[in-house]
Amino acid sequence: MSLLPLILLSLALLSQPHSVAARRRGHDLQAPSSDLVRTSCVHANYPNLCLRTLSAYSGPARTPRDLAQAAVNVSLDRAKRVSKYLARTAFSYGGGGSGGGGGGSKRQRAALGDCVEQISDSVEELTKTLAELQHLRWETFRWQMSNAQTWVSAALTNEDTCLDGFQGVDGGGKLKADVKRKITNLARITSNALYMINRLDETRGRS
């Protein structure tokens, strides 16, 4: 009788525990990432938004440094999208002619133009922050963290200022509502990013 079927059966049985172990190791490698996101987001200013945006992040998030970079990355990506939206809207809105806007229309265009500049500045601040977090060094850690905190705080101030500018505009309809919704969401994501940076600073400080 041929021994080949018995050999193949033995090899198949031997490979199963290794496959199960490999899957378990893969799961264990992913678990700390999701656990870190949950435990880190629970005390953020906007915990549900934090959990939702960072859980969907495709990059690594296994350390507080990874998480801080991820949070800034998410904020930067959102700021770029909002900046493009504002630039397109300002172009079409400003080129709409007189259209019966009157003084209110001028105030809306002015507020929109200010927002374009302010969110563009936010993109720059967040870009610098991400670069700083990607090149942290032990001997300059405190100085670099101070830079990151300053820049993200400035980005958040720009976003709040944009919101304040539209609050004082009467009417505005859909434009005002859309801008307010997008900027509010961006400001909350940026606030969470600042929290993650502060958390990284505290964690490294204790170590």
Check: Given the rule that I, L, V, M, F, W and Y join up when any side-chain heavy atoms are under 4.5 Å apart, are Leu200 and Trp143 in one cluster?
Finding: no

Checklist line | Inter-residue atom distance Leu133.CG - Arg65.CZ, 0.5 Å rounding | finding: 8.0 Å

Item checked: From Thr127 atom OG1 to Glu132 atom CD, the distance as rounded to the nearest 0.5 Å -> 13.0 Å

Next item on the list: Answer yes if the side chains of Thr190 and Ser75 hold a donor-acceptor pair under 3.5 Å, and no otherwise.
Entry: yes

Check: Are any non-hydrogen side-chain atoms of Arg142 and Met145 less than 4.5 angstrom apart?
Finding: no

Next item on the list: Might you point out which heavy atoms bring Arg62 and Asp66 nearest each other, and give the distance in Å?
Entry: N-OD2, 3.2 Å

Checklist line | CG-CG distance between Leu67 and Asn73, expressed to the nearest 0.5 angstrom | finding: 11.5 Å

Notebook entry, point to check: Could you state the interatomic distance from CD (Glu159) to CD1 (Ile119), rounded to the nearest 0.5 Å?
Noted result: 5.0 Å

Notebook entry, point to check: Taking atom NZ of Lys128 as the centre, does the number of heavy atoms from other residues, nucleotides or ligands within less than 6.0 Å exceed 12?
Noted result: yes

Notebook entry, point to check: Step by step, would you call Lys80 with Asp77 a salt bridge (Lys or Arg N to Asp or Glu O under 4.0 Å)?
Noted result: CA-CA 5 Å; Lys80 286 178 177 178; Asp77 178 69; over 6 Å; no

Margin query: Please determine whether side chain to side chain contact (heavy atoms under 4.5 Å, CB included) holds for the pair Thr129 and Ile197, giving the CA-CA distance in whole Å, both sets of side-chain angles, and the decisive distance to 0.1 Å.
Written below: CA-CA 10 Å; Thr129 302; Ile197 290 173; 3.8 Å; yes

Check: Distance from Lys182 atom NZ to Asn185 atom CG, nearest 0.5 Å?
Finding: 9.0 Å

Checklist line | Cluster link Val74 to Tyr195, ILVMFWY, side chain under 4.5 Å | finding: yes

Notebook entry, point to check: Say you draw a straight line from CG of Asp160 to OG1 of Thr184; how long is it, rounded to the nearest 0.5 Å?
Noted result: 9.0 Å

Item checked: Residue pair Ser122 / Ala155: nearest heavy atoms and the distance that separates them -> OG-O, 3.0 Å

Next item on the list: Without swapping roles, check the side chain of Asn192 against the backbone of Tyr46 for a donor-acceptor pair under 3.5 Å.
Entry: yes

Margin query: Closer than 3.5 angstrom, by distance alone: can the side chain of Ser55 be matched with the main-chain N or O of Arg52 as a donor-acceptor pair?
Written below: no

Check: Is Trp151 reachable from Leu136 through a run of hydrophobic residues whose side-chain heavy atoms are each under 4.5 Å from the next?
Finding: no

Item checked: Minimum heavy-atom distance between Leu126 and Val72, given as atom pair plus value -> O-CG1, 3.7 Å

Next item on the list: Heavy atoms only: give me the nearest Ala90-Leu112 pair and the separation to one decimal.
Entry: CA-CD2, 3.4 Å

Notebook entry, point to check: Can you tell me if Thr39 uses its side chain to pair, donor with acceptor, with the backbone of Leu36 under 3.5 Å?
Noted result: yes

Note to self: Donor-acceptor pair, distance only, cut-off 3.5 Å: does the side chain of Thr150 make one with the backbone of Ser146?
What the structure shows: yes

Notebook entry, point to check: If every non-hydrogen atom of Leu86 is compared with every non-hydrogen atom of Cys115, which pair is closest and at what distance?
Noted result: CD1-O, 3.8 Å

Note to self: Just by distance, no angles: are the side chains of Asn158 and Glu125 close enough, under 3.5 Å, to form a donor-acceptor pair?
What the structure shows: no

Notebook entry, point to check: Any side-chain heavy-atom pair from Tyr57 and Val37 closer than 4.5 angstrom?
Noted result: no

Next item on the list: For Gln144 and Arg137, indicate whether the former's side chain and the latter's backbone hold a donor-acceptor pair under 3.5 Å.
Entry: yes

Note to self: Restricting to non-hydrogen atoms, name the atom on Cys162 and the atom on Gln118 that form the minimum distance, rounded to 0.1 Å.
What the structure shows: CA-OE1, 3.1 Å

Item checked: Met196 and Cys41, any side-chain heavy atoms less than 4.5 Å apart -> yes

Item checked: Student check: side-chain heavy atoms of Asn45 and Arg188 closer than 4.5 Å -> no

Next item on the list: Could you tell me whether a side-chain N or O of Ser191 sits under 3.5 Å from a main-chain N or O of Ala187, the two making a donor and an acceptor?
Entry: no

